[in-house]
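See below for the structure under consideration.
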Number of protein chains: 2
Amino acid sequence: MTRRTTIRVVLADDERMVRTALRAILSAEPDLEVVGEAATGAEAVSVARELRPDVVLMDVRMPEVDGIRATEQILATLAAPPRVVVVTTFENDSYVYDALRAGACGFLLKRADADALVQAVRLVARTDSLLFPSAVRALAAAHARAEPAPPAWVARLTGRESEVLRHLAAGLTNAEIARLMEVGPATVKTHVAAVLAKTGTRDRTQAVIAAYEAGFMNAR
Amino acid sequence: MTRRTTIRVVLADDERMVRTALRAILSAEPDLEVVGEAATGAEAVSVARELRPDVVLMDVRMPEVDGIRATEQILATLAAPPRVVVVTTFENDSYVYDALRAGACGFLLKRADADALVQAVRLVARTDSLLFPSAVRALAAAHARAEPAPPAWVARLTGRESEVLRHLAAGLTNAEIARLMEVGPATVKTHVAAVLAKTGTRDRTQAVIAAYEAGFMNAR
DNA sequence: ATCCGCCTCCGCCGCGCGGGGGAGGGGCCT
DNA sequence: AGGCCCCTCCCCCGCGCGGCGGAGGCGGAT
């Protein structure tokens with residue numbers, strides 16, 4: 001209810017204009033104070049370490065160290081880390097998920113209006129409402145274990161072999177795959193043999209397991 | 001920047017006291033208007049349908065229809081659905097993930113202070129900042145495909161059959177499974193046949209697929 | 001005492017599967 | 001011109017697998 005002290009904010013964005021704009025918006029609020037700025041990820045980390053802000057507005061795309069790594073380092077090295085809000089241009093940005101995993105507790109679109117920005121900063125500063133970090137991180141962790149780095153063999157599969165593996169993972173027999181792909185059963189056998197060789201498996205069942213473990217099924 | 005009109009809010013909570021408290025807090029703000037209340041999930045759906053609010057504060061635990069189903073129904077049946085904010089008591093509530101999957105775009109803890117509540121409602125109403133629904137839903141979807149409700153057949157498997165299925169999903173042959181389980185190959189065949197019957201699959205490969213799809217592999 | 005579910009095995013049979021080796025054609029790069 | 005990769009298809013062979021029916025023991029419910 002009563003604001004005990006001002007919310008200390010650090011801005012991290014490689015574009016000076018963006019920083020200026022954000023500073024102008026936030027400084028207009030009596031309860032918000034922009035205590036520092038950073039133009040690179042590395043700078044953001046050191047600035048956060050020195051100034052101990054309550055909130056960091058972090059751009060994803062920055063030179064040297066990107067916003068994701070910077071977020072990780074800030075959260076890892078500080079005892080009482082600030083709330084990190086990641087700023088992106090597009091909401092379907094793939095960085096979103098990496099940022100979540102890194103521990104960011106919120107997002108802002110650059111096109112968000114000033115009002116929303118201010119409110120978001122206030123909200124994040126007082127935490128424990130609207131999507132808490134713990135929930136976010138649990139989700140991100142689930143997302144992470146769903147697709148780590150795909151094994152090398154995925155890239156080595158030819159077009160037809162990938163098709164065959166997909167059908168294998170659907171539980172089809174060679175004959176069924178042949179009908180679906182409109183080729184002879186012998187051809188399918190050849191492809192299956194190639195898939196087994198490249199995946200390092202000995203039978204179709206192990207190949208299917210490899211496909212699932214590799215997240216091969218999640219990639220559409 | 002300028003608020004064009006008031007934010008219309010509907011409260012859904014089975015406890016009258018909670019509704020009263022929320023209404024008191026929100027009504028104190030000139031830009032917020034509590035236009036309706038509901039004491040059950042079913043009521044929440046019909047009220048939302050009639051009043052077309054901007055935001056619905058939805059309790060998870062409610063008689064008849066719980067908050068999750070109510071959220072689903074509201075989002076499914078309305079052309080321009082309201083933003084649904086789910087209200088929980090504990091942040092590690094397992095309902096959180098179900099709510100995300102259902103399409104809720106935010107969370108509030110009941111212990112959140114009045115200020116945070118008001119700000120959260122404003123923020124959610126003007127959308128597109130702080131964790132957008134699309135990102136949340138993508139994450140929730142990832143989480144969902146990791147562990148939906150396990151199919152009925154999982155419970156029907158006997159102890160030995162579960163063991164066998166686990167070994168099948170490790171890519172072992174019947175002979176290997178027999179050695180591991182210290183029984184005869186014929187016994188393994190019997191168990192495999194039972195697994196195929198209960199999973200409704202025709203061969204070991206499909207059984208493994210079923211195991212993966214059912215999240216059978218995640219459960220330890 | 002009877003039934004039923006679970007686990008343990010046995011045989012027989014057919015077939016899909018995987019291994020091995022070969023062959024021809026089309027596209028691409030050198 | 002060659003070489004290489006990919007796709008296509010053929011043969012034979014062995015075997016693991018799944019379907020079928022049957023059997024015995026053991027424990028818990030009724």
**Fill in**
Rounded to whole Å, CE of M181(A) lies from P of dC9(D) at a distance of 10 Å
**Request:** Return the value, rounded to whole Å, for the distance between atom CD of E163(A) and atom C1' of dC7(D).
**Result:** 11 Å
**Prompt:** Separation of H167(B) atom NE2 from dC17(D) atom P, in whole Å?
**Reply:** 14 Å
**Message:** Strictly below 4.0 Å: does R202(B) bring a side-chain N or O up to OP1 or OP2 of dG18(D)?
**Reply:** no
**Item:** Sugar-phosphate, base or nothing in reach of T187(B), heavy atoms under 4.0 Å
**Value:** base
**Request:** Can you tell me the distance, in whole Å, between the NE2 atom of H191(A) and the C1' atom of dG19(C)?
**Result:** 17 Å
**Complete:** Taking for P185(A) and for T190(B) the nucleotide of DNA chain D with the nearest heavy atom, the one nearer the 5' end belongs to P185(A)
**Request:** Rounded to the nearest angstrom, tell me the gap between atom NZ in K189(A) and atom C1' in dT8(D).
**Result:** 15 Å
**Request:** Nearest whole angstrom, please: distance from the C1' of dC17(C) to the CZ of R204(B).
**Result:** 12 Å
**Message:** On the nucleotide dG16(C), are OP1 or OP2 found under 4.0 Å from the side-chain N or O atoms that N174(A) carries?
**Reply:** no
**Message:** So, taking the atom named NE2 in H167(B) and the one named NE2 in H191(B), what distance separates them when rounded to the nearest 0.5 Å?
**Reply:** 11.5 Å
**Request:** Mind checking the CG-CD spacing from D14(A) to E43(A)? Nearest 0.5 Å is all I need.
**Result:** 11.0 Å
**Whole-Å gap separating C1' (dC7(C)) and CG (L157(B))** = 15 Å
**Message:** Using heavy-atom distances to pick each residue's nearest nucleotide on DNA chain D, tell me which of V188(A) and K198(A) is more 5'.
**Reply:** K198(A)
**Item:** Cationic N near anionic O, under 4.0 Å, E163(A) to R166(A)
**Value:** no
**Matching residue for V47(B) among I74(B), V10(B), V35(B) - test: side-chain contact (heavy atoms from CB on, under 4.5 Å)** = V10(B)
**Message:** Please pick, from dG18(C), dC10(D), dG18(D), the nucleotide with the shortest atom-to-atom distance to any side-chain atom of D203(A).
**Reply:** dG18(C)
**Asked** Could you give the CZ-to-C1' distance, from R160(A) to dT8(D), as a whole number of Å?
**Response** 10 Å
**Prompt:** Reckon T158(B) has a side-chain N or O less than 4.0 Å from the OP1 or OP2 of dG5(C)?
**Reply:** no
**Prompt:** When rounded to the nearest 0.5 angstrom, what is the spacing between CG in L168(B) and OG1 in T205(B)?
**Reply:** 9.5 Å
